[in-house]
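Heads up, the thing below is written out as structure tokens.
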Amino acid sequence: MSQRIIIHIDLDYFYAQCEETANPSIRYKPVVVCVYSARTEESGVVSTSNYEARKFGVRAGIPIVRAKKLLESTSAVFLPMNRPLYESVSQRIMALIQSYGDSFEKSGVDEAYLDISEGSRGNYDSAETIASKLKQAILSEAHITCSIGIAPNKLLAKIASDYVKPDGLTVVKPKQVQDFLKGPVNRIPGVGTKIEERLKQLNVRTVDELARLNPIILNEVFGKSLGGYLFRAARGEDNEPVRDRILPTQLSRISTLKRNTSDFRIIRPVLRDLTQSVVESLKGKELSCKSVSIIGILSDLSIHTRSATLDSATTDSRLIIEVAERLMQQFLESRSQANLRRVGVKLSGLSKLSGQTNIKAFFSTS
DNA sequence: GTATGCTTTCGGC
DNA sequence: TTACGGCCGAAAGCATAC
């Protein structure tokens, strides 16, 4: 099997860039896309911001009130999330990306992998040309910039796309892998503050230090799966194929309560609305679900879930609501002091509805 | 022993 | 220094089946 060439495309500061494209007059101002909660006028967090806002320290996850303070001397624009807008921009771009390669994998609203081994015939100059044309196409069709990484596998392509941004194009040829991996450990996808901290205890701060670590120690500290992943990642090794993700694996809804409570009479209608909404989405995608979960986030921001598996896959909103309510009631009873801040519901074990039709069609045509 | 399935938690964006 | 969302996918941890 010849060497693969994989590209990873990351749409730059995506939600905020969609807002800039929809309204170009805000382009040179700090733009902050916010998730407002129902709690107070200003409560909520920053979903994402453009680079102008990032200069002031405004980034994803910080409270909106804090972002306002950081930007009070500027003409910053604060906008609520407009998910349907981002979804439609994403759809158009994903279709474009898919047409530039062999196998395609969407890995989020703003990210995708593309296997261009055939299209480039394994040649990195050809690969770079394809990637440049793709960037140009996305820019002229959707007015969105992106950062692309080109590499022999998904892991390195992902790291590479993050190396120069926004509007970057980074190539990592097989021979350059060792040099490319000289950076801090958090350059590896999946290594956040937690793993970084544990590695620091082992005196490991960079990827090449990680590569020199004894694999037995790695497995002892992180377990077989994560340990094995870190061992290979430190060497730039990854064999994961680029594959179409046909079905989502879960659908969920969550919202913040007006005020903290443990009173089921207040939580119930909220849970009901969330469940109705997620079931609508389930049906819209022609899916059924086998498991129902509830999510409770307490006043201390700790996260708790409870779930149940059904006898058979369903789309019946009455049944799903019944199960969700029972799970929530049981959770509240099991922790009578639980002070809920946020409530959510999740459907999983998803499968495509109307399998029957397809099987009939299969037998009648074969 | 290994495979499989289920519940819960974790981390990215 | 406090402040604090709404999603997603994946894996840990456990139980049960073969």
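Chain A is the first sequence line, chain B the second, and so forth, proteins listed ahead of strands; every chain is numbered from 1. Since this is a predicted model, take the numbers as computed values, not measurements.
- Taking hydrophobic clusters as Ile, Leu, Val, Met, Phe, Trp and Tyr residues chained together by side-chain heavy-atom distances below 4.5 Å, A:V164 does not share a cluster with A:I7.
- Atom OH in A:Y15 sits about 10 Å away from atom P in C:dC7, given to the nearest Å.
- By the criterion of side-chain heavy atoms lying less than 4.5 angstrom apart, applied directly or through intervening Ile, Leu, Val, Met, Phe, Trp or Tyr residues, A:Y28 is not grouped with A:V32; the two fall into different hydrophobic clusters.
- Between A:I138 and A:I9 the shortest heavy-atom distance is CD1-CG2, 4.5 Å.
- Between the CD atom of A:E105 and the P atom of C:dC8 there is a distance of 17 Å, rounded to whole Å.
- Distance, A:M81 CE to C:dC8 C1': 12 Å, rounded to whole Å.
- Between A:Y13 and A:Y51, the angle of the ring planes goes over 60°, which puts this pair in the perpendicular group of the 30/60° scheme.
- Counting any heavy atom pair closer than 4.0 Å across all strands shown, A:G61 reaches a base atom.
- Counting heavy atoms from C-beta outward, A:I295 and A:V345 have side chains that stay 4.5 Å or more apart.
- Residues A:Y36 and A:R66 each lie close to DNA chain C; by heavy-atom proximity, the contact nearer the 5' end of the strand is made by A:R66.
- Atom CZ of A:R54 is separated from atom P of B:dC13 by 11 Å (rounded to the nearest Å).
- Using a 4.0 Å heavy-atom cutoff across all strands shown, A:G108 reaches no nucleic acid atom at all.
- The nearest whole Å value for the distance from the CD atom in A:E42 to the P atom in C:dC4 is 12 Å.
- B:dG11 and C:dG5 have their C1' atoms separated by 15 Å, with the value rounded to a whole Å.
- Following rounding to the nearest Å, A:R83 (CZ) and C:dG6 (P) show an atom-to-atom distance of 9 Å.
- Interatomic distance, A:D162 CG to A:H8 NE2, rounded to the nearest 0.5 Å: 9.0 Å.
- With hydrogens and angles left out, the side-chain atoms of A:S277 and A:R253 include a donor and acceptor closer than 3.5 Å.
- The salt bridge (Lys or Arg N to Asp or Glu O under 4.0 Å) test with A:E325 is passed by exactly one of A:R265, A:R268, A:R306, A:R318: A:R268.
- Residue A:R341 is classed as a sugar-phosphate contact, given heavy-atom separations below 4.0 Å to backbone atoms only.
- Spacing between atom CD1 of A:I297 and atom P of C:dA3 amounts to 15 Å, rounded to whole angstrom units.
- The 5' end of DNA chain C is approached more closely, in terms of each residue's nearest nucleotide, by A:V45 than by the other of A:V45 and A:T249.
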**Study point:** Sugar-phosphate or base contact per nucleotide [nucleotides 5-12 of chain B; S, B, -; heavy atom under 4.0 Å]
**Key:** -SSBB-SS

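- Residue A:T48 has no polar side-chain atom (N or O) positioned under 4.0 Å from OP1 or OP2 of B:dC13.
- Note on A:L114: it clusters hydrophobically with A:I5, by side-chain heavy-atom contacts below 4.5 Å among ILVMFWY residues.
- Seen from the ring of A:F231, A:R235 counts as a face-on cation partner, given the 6.0 Å and 45° thresholds.
- In this entry the distance linking CG of A:L298 with P of C:dC4 reads 15 Å, nearest Å.
- Within the cation-pi definition used here (under 6.0 Å to the ring centroid, within 45° of the axis), A:K68 qualifies as a partner of A:F78.
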Check your understanding: In B/S/- notation, 5' to 3', how is nucleotides 11-18 of chain C contacted by protein heavy atoms closer than 4.0 Å?
Key -> -S------

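- Sorted by residue number, the list of members of residues 251-285 of chain A with any non-hydrogen atom under 4.0 Å from DNA chain B is empty.
- A side-chain contact (heavy atoms from CB on, under 4.5 Å) with A:C289 is found for one member of A:T309, A:L347, A:D316, A:T315 and no other, namely A:L347.
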